[in-house]
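Just so it is clear: chains get the letters A, B, ... in the order the sequence lines come, proteins before strands, and each one is counted from 1.
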Number of protein chains: 2
Amino acid sequence: MVFKILMYICDMQQQTYLKGCLSAIVLQLLQDNKRMYGYEITQRVREITAGELQLTEGALYPTLHKLEAEGVLTTENALVDGRNRKYYKLTENGQQQAQSAVSELADFVTNLQKILNLKPSL
Amino acid sequence: MVFKILMYICDMQQQTYLKGCLSAIVLQLLQDNKRMYGYEITQRVREITAGELQLTEGALYPTLHKLEAEGVLTTENALVDGRNRKYYKLTENGQQQAQSAVSELADFVTNLQKILNLKPSL
DNA sequence: AGCTAATACCTAAGTAAATTTGGTATTTAA
DNA sequence: TTAAATACCAAATTTACTTAGGTATTAGCT
């Protein structure tokens with residue numbers, strides 16, 4: 001809630017750049033953490049980026065379900081402190097897909113840097 | 001043409017990550033080069049990224065027109081070697097918008113790197 | 001001369017992937 | 001008892017591309 005208000009105040013344009021990267025980010029986090037639940041993923045990204053990047057749940061959950069349907073992720077439910085959690089982890093097949101998605105994203109970042117670090121040609 | 005064929009062969013997934021970054025990339029190039037024409041922009045990105053990133057004209061031209069309509073860019077036509085060129089450059093107002101868009105993109109890249117360089121927490 | 005590729009611009013239909021907005025339910029802290 | 005945080009989800013809409021066409025000129029090959 002606080003963050004939604006913050007987003008209105010400071011016009012977090014970075015969000016627009018996120019388009020297309022969401023799956024890869026999720027896969028990267030799952031490579032690092034073995035298993036995570038949806039809400040945890042949103043909070044982790046927020047922590048890592050000091051609140052500059054915020055995954056919306058409306059985008060995250062459909063993405064998780066899609067990856068599960070594709071056989072990239074599997075789930076296990078847990079009841080923690082009276083609240084339901086749905087943990088996601090990479091399947092064996094998913095680990096390979098995660099690796100290639102993440103390395104493509106890394107390449108993309110490299111290319112963006114090349115573009116951004118360009119010296120003027122005039 | 002050659003590149004379109006190459007794109008089929010090597011499944012250039014990086015394209016998906018480009019979503020949302022296009023305007024910022026265009027603005028960055030125009031900060032570096034004062035004026036450029038559409039086709040030149042596509043070729044420049046291809047050069048810089050060694051063919052790994054390819055701006056499609058179907059995406060680029062509508063973006064340029066939008067930025068012009070917003071007053072970020074102005075155009076001047078030129079006839080070069082019997083071919084028509086439409087040069088784009090930043091307006092005064094556009095220079096500020098370009099700067100903020102580019103710095104936001106740079107911040108985004110930094111955040112992506114933070115996510116990608118994460119050490120496992122387990 | 002005729003063909004293909006490269007140069008240079010453009011639009012429209014379709015699609016993918018978000019955002020926006022709503023919903024449910026429990027726990028914690030004021 | 002009320003708001004905020006935790007935790008999940010779906011549907012309608014919007015955004016921003018891709019795909020697939022189109023026009024026209026020049027360069028290079030055979």
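- Five base pairs at each end of the helix from dA1(C)-dT30(D) to dA30(C)-dT1(D) define two local axes, and these are offset by 20° (rounded to 10°).
- Shown here are the ring-ring contact (aromatic ring centres under 6.0 Å, His included) partners of Y39(A), two or more places apart in sequence or in another chain: there are none.
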(message) At under 4.0 Å between heavy atoms, how does the protein contact nucleotides 22-30 of chain C? Give one character per nucleotide, 5' to 3', with B, S or -.
(response) ----BB---
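- For Y61(B), there are no ring-ring contact (aromatic ring centres under 6.0 Å, His included) partners, not counting sequence neighbours.
- Partners of E40(A) according to the side chain to side chain donor-acceptor pair (under 3.5 Å) rule, which considers only residues two or more places apart in sequence or in another chain, are R44(A).
- Annotation: side chain to side chain contact (heavy atoms under 4.5 Å, CB included) contacts of E76(A) (sequence neighbours excluded): R35(A), Y87(A), K89(A).
- Under the side chain to side chain contact (heavy atoms under 4.5 Å, CB included) criterion, T63(A) pairs with L22(A), S23(A), L67(A), not counting sequence neighbours.
- In this model, the phosphate group of dA18(C) is approached by a side-chain N or O of T63(A) to a distance below 4.0 Å at OP1 or OP2.
- One finds a side-chain N or O of Y61(B) lying less than 4.0 angstrom from the OP1 or OP2 phosphate oxygen of dC9(C).
- The stretch residues 64-75 of chain B participates, sequence neighbours left out, in these side-chain hydrogen bond (donor to acceptor under 3.5 Å, both in side chains) pairs: E68(B)-T75(B).
- Closest to the side chain of Y39(B), from the set dA7(D), dA18(C), dA8(C), is dA8(C).
- Phosphate proximity of dA7(D) to Y37(A): present, with a side-chain N or O under 4.0 Å from OP1 or OP2.
- Using a 4.0 Å heavy-atom cutoff across all strands shown, L22(A) reaches sugar-phosphate atoms only and no base atom.
- For DNA chain D, none of the residues of residues 65-73 of chain B falls under the heavy-atom distance limit of 4.0 Å.
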